[in-house]
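Owing to the predicted nature of the structure, the values given are computational and were not obtained by experimental measurement. A, B, ... follow the sequence lines: proteins, then strands. Residue 1 opens every chain. What you see below is based on every heavy atom in this structure, not just the backbone, and it leaves out hydrogens, waters and symmetry mates.
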Number of protein chains: 2
Amino acid sequence: MKSIHLKEISFSIIANIAKGIGHPHRLELLELVSQGSKSVEALAKEARMSFANTSQHLQRLKQLKLVTTKRQFTTVYYSIADASIPLLIKMLHQTAFNLSADFKHTLLAYQKEAKVKTITMDELASKDYLMIDVRPTEEYQFGHRAEAINIPHTKLSSSMNKLDKQKLIVAYCRGELCSYADKVVEVLTKVGYNAVRLKDIIMTKSA
Amino acid sequence: MKSIHLKEISFSIIANIAKGIGHPHRLELLELVSQGSKSVEALAKEARMSFANTSQHLQRLKQLKLVTTKRQFTTVYYSIADASIPLLIKMLHQTAFNLSADFKHTLLAYQKEAKVKTITMDELASKDYLMIDVRPTEEYQFGHRAEAINIPHTKLSSSMNKLDKQKLIVAYCRGELCSYADKVVEVLTKVGYNAVRLKDIIMTKSA
DNA sequence: TAAATATTCAAGTATTCAATTGAATACTAT
DNA sequence: ATAGTATTCAATTGAATACTTGAATATTTA
């Protein structure tokens with residue numbers, strides 16, 4: 001095989017993967033399934049896309065082998081196909097942030113407007129804190145930071161009494177575009193907790 | 001600003017970056033300018049694309065701020081716009097390799113057929129070797145591994161007498177799809193050198 | 001001002017992509 | 001066999017993309 005042939009085949013395949021994530025809907029769907037197996041219905045609802053459209057995009061992701069499926073009776077569960085995909089997407093976020101003044105500005109403006117303090121893992125190093133994962137419990141079970149407890153944002157009201165007001169509460173969710181943590185921090189701050197949002201999220205599979 | 005709005009804007013911007021690299025020609029052009037500033041003519045020639053097409057794709061990359069330009073008289077030099085881009089592309093290669101049996105098989109089959117031994121940095125740890133960068137000198141000057149000397153593949157014949165036959169010669173070029181290192185290793189092996197190709201390439205800017 | 005060199009732009013054509021609508025399929029329970 | 005639930009497929013329409021051809025532009029030199 002000539003090397004020019006290898007190059008052409010390879011670039012074609014690699015570019016096709018990039019093209020596959022080159023649509024906002026598919027990117028969002030991939031980020032959602034990175035957090036755990038989900039049904040088409042759940043994905044459509046979470047991403048606020050029409051059912052047929054969601055299914056179409058999922059077929060495209062499946063064709064590219066970015067996702068895998070598992071049917072349980074009538075329900076098909078979609079999962080991330082490879083551990084490198086979330087890393088790829090994270091890198092994509094980083095590059096977009098570096099390149100796009102619009103994106104950077106929009107993100108920073110939103111954070112300022114939301115009046116939610118953020119903190120990095122480095123900044124946390126010398127502090128005493130409680131870390132809470134505000135995603136749905138299935139996503140927590142799929143993988144979470146070892147030190148985090150799960151308080152789904154939908155159950156904040158009934159769970160917040162468990163929290164120590166003397167401690168710094170650090171909330172995280174799916175990624176920088178997920179607003180659950182913002183909402184939780186806002187509510188907790190209002191009732192007197194010292195709450196912040198974790199800035200950089202590095203998800204690990206639970207042991 | 002509503003969080004749903006932020007999400008939509010953000011995914012749109014991020015996905016657009018992915019779409020920008022979602023074409024084999026643009027991906028190749030980006031990999032080439034990652035190795036140093038290049039003119040349109042040089043890029044068209046290296047990538048074997050028509051001039052007009054090359055320019056069109058470069059305009060697209062420029063529009064997405066993936067590349068920057070600098071005009072010197074009549075010649076426009078294209079450069080990589082951000083250090084995260086080569087890392088993103090490398091991650092993309094990795095994901096494609098993991099997902100695509102075709103890609104993996106094609107790459108491994110080519111390497112087997114080329115009869116070129118490869119070696120990793122880890123495997124080199126305990127060995128005595130000479131590392132050679134076989135890219136054009138401008139690319140070497142732009143950035144290279146600190147321990148490498150530059151022997152452009154086009155100047156192998158006149159330079160190989162400088163090499164010690166007692167030492168292991170480790171060649172590298174632009175990335176896994178660049179065949180210059182394969183050719184150099186083939187030639188050196190034929191005339192009695194102990195030559196291999198470096199498997200994983202991690203480029204650093206020269207200090 | 002004109003020529004040379006390098007590059008970009010514009011338009012046409014063909015192809016691919018995305019969303020919607022509606023039909024078809026897969027599976028279980030009755 | 002039929003109904004219910006969930007999902008996928010197919011076709012259409014309109015938008016977006018890619019390549020080619022040829023014109024236009026940018027810059028320097030003479």
Side-chain angles (χ1 to χ4, degrees), chain A residues 7-9 11-30 32-33 37-79 81 138, chain B residues 7-9 11-30 32-33 37-79 81 138:
Chain A
K7 194 187 72 165
E8 280 169 11
I9 291 177
F11 275 124
S12 195
I13 293 172
I14 300 167
N16 216 32
I17 302 289
K19 203 194 312 189
I21 61 178
H23 189 288
H25 286 1
R26 290 197 291 280
L27 193 54
E28 182 170 7
L29 292 172
L30 267 186
L32 286 169
V33 299
S37 297
K38 294 180 185 297
S39 69
V40 183
E41 189 183 359
L43 289 165
K45 193 175 288 182
E46 190 75 47
R48 303 193 195 196
M49 301 175 199
S50 78
F51 196 88
N53 206 19
T54 301
S55 184
Q56 291 277 48
H57 284 298
L58 286 170
Q59 292 323 302
R60 181 78 179 274
L61 292 174
K62 188 176 172 183
Q63 183 210 2
L64 290 166
K65 299 193 193 326
L66 285 157
V67 297
T68 56
T69 58
K70 188 174 174 185
R71 181 184 277 265
Q72 214 166 355
F73 306 121
T74 57
T75 305
V76 177
Y77 290 94
Y78 282 81
S79 307
E138 319 85 75
Chain B
K7 195 187 71 168
E8 279 169 11
I9 291 178
F11 275 122
S12 196
I13 293 173
I14 300 167
N16 217 33
I17 303 291
K19 201 191 320 187
I21 61 180
H23 188 289
H25 286 0
R26 287 198 294 279
L27 193 54
E28 181 170 8
L29 292 171
L30 268 185
L32 286 169
V33 300
S37 296
K38 292 179 188 301
S39 70
V40 184
E41 189 182 0
L43 288 165
K45 193 174 288 181
E46 191 76 45
R48 304 192 193 194
M49 300 174 198
S50 78
F51 196 88
N53 206 17
T54 300
S55 183
Q56 293 277 47
H57 283 298
L58 286 170
Q59 291 323 303
R60 179 79 177 275
L61 292 174
K62 187 178 175 186
Q63 184 210 1
L64 291 165
K65 299 192 192 329
L66 285 156
V67 296
T68 56
T69 58
K70 189 174 173 185
R71 182 184 278 265
Q72 214 164 355
F73 306 122
T74 56
T75 304
V76 178
Y77 290 93
Y78 283 82
S79 307
E138 317 86 73

Completion exercise
Between CZ of B:R48 and P of D:dC19 the distance, given in whole Å, is 17 Å
Practice task
Check every strand shown and say whether A:T75 touches a base, only sugar-phosphate, or nothing at a heavy-atom separation below 4.0 Å.
Solution key: sugar-phosphate
Practice task
Identify which nucleotide among C:dA6, D:dT7, C:dC9 has an atom closest to any side-chain atom of A:S39, counting heavy atoms from C-beta outward.
Solution key: D:dT7
Handout entry: For B:K7, side-chain hydrogen bond (donor to acceptor under 3.5 Å, both in side chains) partners two or more places apart
Key = A:E28
Practice task
Whole angstrom is fine here: how far is it from CZ in A:F51 over to P in D:dT8?
Solution key: 7 Å
Exercise for the section: Would you kindly give the CD-to-C1' distance between B:Q59 and D:dA24, to the nearest whole Å? Expected result: 14 Å
Practice task
List for me each residue that meets side-chain hydrogen bond (donor to acceptor under 3.5 Å, both in side chains) alongside A:E8, sequence neighbours excluded, and say none if there are none.
Solution key: none
Fill in the blank from the handout: B:L43 atom CG is separated from C:dA6 atom P, nearest whole Å, by 14 Å
Exercise for the section: If the plane angle is over 60° it's perpendicular, under 30° parallel, otherwise tilted; pick one for B:H57 and B:H25. Expected result: perpendicular
Exercise for the section: Kindly say if B:Y77 contacts the phosphate of C:dA6, meaning a side-chain N or O under 4.0 Å from OP1 or OP2. Expected result: no
Exercise for the section: Round to the nearest Å and state the distance from B:E41 atom CD to C:dA6 atom C1'. Expected result: 8 Å
Completion exercise
Sorted by chain and number, sequence neighbours left out, side-chain contact (heavy atoms from CB on, under 4.5 Å) with B:Q63 holds for B:R60
Completion exercise
Readout for nucleotides 17-30 of chain C: B = base within 4.0 Å of protein heavy atom, S = sugar-phosphate only, - = neither; 5' to 3' it is SSSBB-----BS--
Completion exercise
Those residues at least two apart in sequence (or on a different chain) that pass side-chain hydrogen bond (donor to acceptor under 3.5 Å, both in side chains) with A:K65 are none
Completion exercise
Residues passing the side-chain hydrogen bond (donor to acceptor under 3.5 Å, both in side chains) test with B:S37, sequence neighbours excluded, are B:S79
Exercise for the section: Measure the distance from CD on B:Q72 to C1' on D:dT27 and round it to the nearest whole Å. Expected result: 12 Å
